[in-house]
There are 2 protein chains.
Amino acid sequence: MKTSEKLILETLKLFHERGFKATTMRDIAERVGIEAATVYNYVNSKQYLLDQFLFGMAERFYQGIIHIEQSTYSPIEKIKAVVSLNIRLTVENPYKVGLLVSEWKHLQEPRRSEFLENRKAYEGKFRGIIKAGIESGDLRRMDLEVATFSVLSSIRWLFSWYTPEKSSVNPIELEKQMTDFILHGVTP
Amino acid sequence: MKTSEKLILETLKLFHERGFKATTMRDIAERVGIEAATVYNYVNSKQYLLDQFLFGMAERFYQGIIHIEQSTYSPIEKIKAVVSLNIRLTVENPYKVGLLVSEWKHLQEPRRSEFLENRKAYEGKFRGIIKAGIESGDLRRMDLEVATFSVLSSIRWLFSWYTPEKSSVNPIELEKQMTDFILHGVTP
DNA sequence: GTCTATAATTCGATAGAC
DNA sequence: GTCTATCGAATTATAGAC
């Protein structure tokens, strides 16, 4: 593996294990097997590394929901597609998705505000899907805010407990199980 | 307000806004209106403050689910009670609940391990409730792990989006809405 | 209880040789 | 591309006067 690749990978693991603030450039250098000063041959700053991780993932979530929003799917099919999107991105990038919900506070302005705007836009698009579903009668009449965040929360925390290797279900089965939960709850 | 009370309150707000690592003793002192050295007249260390917040809340969640577990409620009634417990504790202590899920990594050993064991025990008890419900037929047949964490995730993230003042629903209505979602999903 | 002063350490980042 | 050396700033915490 190239040093540049190893640097990115080890940094991601350290941010995941200890958090951005508790990870030092010296920690990163040690994992890669170089000196701290050499890290600056690859990146301008520690902030840059966090920025790349967060906005890289945020953009993929955002583009994903835009495609779903613009599709001709029914509201329920759109919800299924969002669940599928979340599972796919989380399984492919569990650490980055984890950073997305825990380390954005450490972005510097104006990037921090940009990040929050992006997240708000994502949530707004999801809310639109739920709203359309309620109005068309495909979904139950319920409070829009509660419905939006209840569904979002159940899929956003996937990263914290699901790993395909250790779980009793594979990603395909997980998608079915989670969709069933969101659509029908836990009662028979 | 007594200085000691103001110190606790302002520290909690700062930990919430910036995170534990990004909050300095000087920040805390400034909000309270004293010098940094004076903070040490009230607390032994910054770690102590985080420790108190996290274990104080963790204990309340733990005691709550123990009482629910030992009750004669049916599985569905126990789930409703856990939802109620989460809403009550989150509305009463939104910042502390937020720290519970975002700042535990910054506990020092052995407290960090103790915290994780407590959380695992809490999750285990909740899993037991779901398991009993599936076996009794009160709940749908579904993967135990997925069911446990799907429900837990939907209520654990309450702190990040719900505030009684700004929401269209009050805590009582929120409890009904969330219970309906967990039991029956979003479809009619 | 609150202050000033400061110890002791750590951190992000840079300079410049090779 | 990698190193040694180091700067300058920030941080937790303590000592001791008032």
Once you round it to whole Å, what is the distance between [atom2] of [N] and [atom1] of [X]?
{"X": "B:Phe20", "N": "D:dT11", "atom1": "CZ", "atom2": "P", "value": "13 Å"}
{"X": "B:Glu30", "N": "D:dT12", "atom1": "CD", "atom2": "P", "value": "14 Å"}
{"X": "A:Met25", "N": "D:dT6", "atom1": "CE", "atom2": "P", "value": "21 Å"}
{"X": "B:Lys6", "N": "C:dT2", "atom1": "NZ", "atom2": "C1'", "value": "15 Å"}
{"X": "B:Leu7", "N": "C:dT2", "atom1": "CG", "atom2": "P", "value": "10 Å"}
{"X": "B:Ile28", "N": "D:dA13", "atom1": "CD1", "atom2": "C1'", "value": "13 Å"}
{"X": "A:Ile34", "N": "D:dC3", "atom1": "CD1", "atom2": "P", "value": "7 Å"}
{"X": "B:Leu50", "N": "D:dT12", "atom1": "CG", "atom2": "C1'", "value": "15 Å"}

Exercise for the section: Taking only the side-chain nitrogens and oxygens of A:Thr38, find out if one of them lies under 4.0 Å from OP1 or OP2 of D:dC3. Expected result: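 The answer is yes; a side-chain N or O of A:Thr38 sits under 4.0 Å from OP1 or OP2.
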Of the listed nucleotides ([options]), which one gets closest to any side-chain atom of [X]?
{"X": "B:Tyr40", "options": "D:dT14, D:dT4, C:dC3", "answer": "D:dT14"}
{"X": "B:Ala37", "options": "D:dT2, D:dA15, D:dT11", "answer": "D:dA15"}
{"X": "A:Glu35", "options": "C:dT4, D:dT4, C:dT2", "answer": "D:dT4"}
{"X": "B:Lys46", "options": "D:dT12, D:dT6, C:dC3", "answer": "D:dT12"}
{"X": "A:Arg26", "options": "C:dC11, D:dA13, C:dT14", "answer": "C:dC11"}

Kindly assign one of parallel, tilted or perpendicular to the pair [X] and [Y], based on the angle between their ring planes and the thresholds 30° and 60°.
{"X": "B:Phe181", "Y": "A:Phe181", "answer": "perpendicular"}
{"X": "A:Phe61", "Y": "A:Tyr122", "answer": "perpendicular"}
{"X": "B:Trp161", "Y": "A:Phe149", "answer": "parallel"}

Handout entry: Cation-aromatic face contact A:Lys46/A:Phe20, 6.0 Å, 45 degrees
Key =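 Yes, A:Lys46 and A:Phe20 form such a contact.
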Practice task
Identify whether NZ of Lys or CZ of Arg in B:Arg112 sits under 6.0 Å from the centre of the six-membered ring of B:Trp104 and within 45° of that ring's axis.
Solution key: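 Verdict for B:Trp104: no cation-pi partner in B:Arg112.
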Exercise for the section: Report which part of the nucleic acid B:Ser4 touches: base, sugar-phosphate, or nothing (heavy-atom distance under 4.0 Å, all strands). Expected result: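 It contacts nothing in the nucleic acid.
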